[in-house]
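Below is one structure, written out as structure tokens; the observations come after it.
In listed order, ligands and their atoms are each counted from 1.
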Amino acid sequence: MTTLAIDGLQSRAVEAAPSITRILANASMNVNGLIPLWFGEPNVPTPRFICDAAAQSLSAGETFYAEGLGRPFLRETIAEYMTALYNQKIGADRIAVTVSGGNALNLAFQTVLQEGDRVATLTPAFPNLLAIPRLQGANLITHELELKDNSWYLDVDVFLEKTRDAKVVLINSPSNPTGFMLERSEMERIMKVFRQRGTWLISDEVYARTVYDRKVSPSFLDVCEPEDRLIVINSFSKAWAMTGWRLGWLTLPPSLTPVVEKIEEFSVACAPVFAQRAGAVAIREGEDFIAQTNRNYQTARDLVCEAFNPLPNVLNPLPQSAFYAFFKVEGVTDTVSYARELIDTVKVGLSPGEAFMMSEPGWFRLCFAQTPDTLSDALGRLVKKFR
Ligand SMILES: Cc1ncc(COP(=O)(O)O)c(C=O)c1O
């Protein structure tokens with residue numbers, strides 16, 4: 001049925017594919033006893049000391065508009081944090097505070113993308129990474145990661161060949177949903193070629209701190225020059241359990257900062273000051289929290305492996321980072337129907353691989369940021385079903 005009310009609307013918006021996971025979740029709202037493992041967020045609320053900083057800011061009357069690029073205290077704090085993490089001087093002039101990682105991605109594309117430009121990205125991918133450039137008129141080129149010896153793998157040579165005509169390349173490492181991480185030497189090779197070609201690189205590093213065998217994931221900032229065409233996306237959502245706060249940041253080449261400032265002004269104007277106060281405290285005092293939650297995620301990841309790895313029909317590559325298992329159940333040909341069946345029969349909510357542009361059927365994403373009890377309960381139900 002055509003509705004007159006939507007005639008003349010932006011066709012890319014009207015035609016944008018709805019989120020498969022959201023459809024499943026909405027339809028299962030009232031299922032009693034359902035364990036939802038489909039959304040990607042920490043299971044714990046934001047730590048108290050971070051909330052207190054916001055409460056104090058509100059009590060002090062910090063309820064006004066602020067600078068589009070963020071309050072100087074937060075830009076300075078982020079710049080110091082990035083400088084310490086990546087062992088190179090990153091000035092506050094390169095930092096733009098944003099209203100979430102999602103907002104940061106939108107701003108990055110708005111800054112560099114023109115209608116019809118080719119944008120390349122890796123799949124399987126967080127759906128927004130494809131939806132955002134598509135909504136802004138990009139022609140998408142996708143390249144699927146391979147599985148080698150039960151590990152995700154990127155053939156850098158093939159990827160570089162495939163991205164030859166791309167104006168912008170978006171890389172998400174550590175990756176949602178696979179936990180795949182590029183190593184520094186691979187980043188170095190990619191950066192070198194993109195520098196020669198003049199390709200823009202948008203590097204989504206929102207899971208930089210959710211890693212198991214090191215303090216921080218390798219970053220393109222480790223291998224870049226300040227004026228390289230590199231925009232790095234970060235967020236407070238995952239590492240500091242602040243998904244509902246909507247706070248993130250961009251690290252930019254200095255000459256791009258004034259352009260982003262204008263665009264930020266025309267979209268959200270600025271991030272709320274009380275959230276920025278909370279963000280600064282999170283960065284300064286949050287290292288113990290990050291270490292503890294990563295230990296918890298590691299325990300949870302072990303539980304998933306103990307449950308799935310003995311099953312001959314389940315392929316469960318070990319996630320190197322982030323808090324998702326992305327696994328395959330052999331013999332499943334209709335992933336979305338099977339995800340529905342899991343809701344109806346064992347009452348566990350998983351995200352089907354199609355939501356992440358996985359070409360092969362039978363893949364699911366499970367967020368293991370859960371208490372051991374809830375996760376064990378869910379895994380027990382799934383194992384019974386998969387067996
Ligand atoms: C890869 C990736 N990038 C960006 C985001 C956006 O994070 P937020 O908007 O909560 O900062 C997410 C959220 O799940 C993500 O997984």
Counting non-hydrogen protein atoms only, what is the nearest one to [atom]? Give residue, atom name and distance.
{"atom": "atom 5 (C) of ligand 1", "result": "Phe126 CE2, 3.5 Å"}
{"atom": "atom 13 (C) of ligand 1", "result": "Lys238 NZ, 3.1 Å"}
{"atom": "atom 6 (C) of ligand 1", "result": "Gly102 N, 3.9 Å"}
{"atom": "atom 3 (N) of ligand 1", "result": "Asp204 OD2, 2.5 Å"}
{"atom": "atom 9 (O) of ligand 1", "result": "Arg246 NH2, 2.8 Å"}

Cation-pi geometry met for Lys238 and Tyr207 (6.0 Å, 45°)
no
Is the NZ or CZ atom of Arg365 both under 6.0 Å from the centre of the six-membered ring of Phe39 and within 45° of that ring's axis?
no
Strictly by modelled atom types, are Glu205 and Ser217 linked by a side-chain donor-acceptor pair under 3.5 Å?
no
So, Trp245 and Thr46: side-chain donor and acceptor under 3.5 Å apart, yes or no?
yes
Ser100 heavy atoms within 4.0 Å reach ligand 1 at atoms 9 (O), 11 (O)
Which of the atoms in ligand 1, numbered in the order shown and given with their element, are less than 4.0 Å from a heavy-atom of Ser235?
8 (P), 11 (O)
Could you tell me if any non-hydrogen atom of [X] lies under 4.0 Å from any atom of ligand 1?
{"X": "Asn172", "value": "yes"}
{"X": "Glu41", "value": "no"}
{"X": "Tyr207", "value": "yes"}

NZ/Lys192: more than 12 non-hydrogen atoms of other groups inside 6.0 Å:
no
Shared ILVMFWY cluster between Phe126 and Ile20, side chains joined below 4.5 angstrom?
no
Could you go through the side chain to side chain donor-acceptor pair (under 3.5 Å) check for Gln298 and Asp302 one step at a time?
CA-CA 6 Å; Gln298 187 152 10; Asp302 290 347; 5.3 Å; no
Looking only at distances, please establish whether an N/O atom of ligand 1 is found under 3.5 Å from an N/O atom of Ser237.
yes
Do any N/O atoms on Gly101 end up under 3.5 angstrom from N/O atoms on ligand 1?
yes
Taking Arg340 first and then Asp344, would you say they form a salt bridge - that is, a charged N and a carboxylate O separated by under 4.0 Å?
no
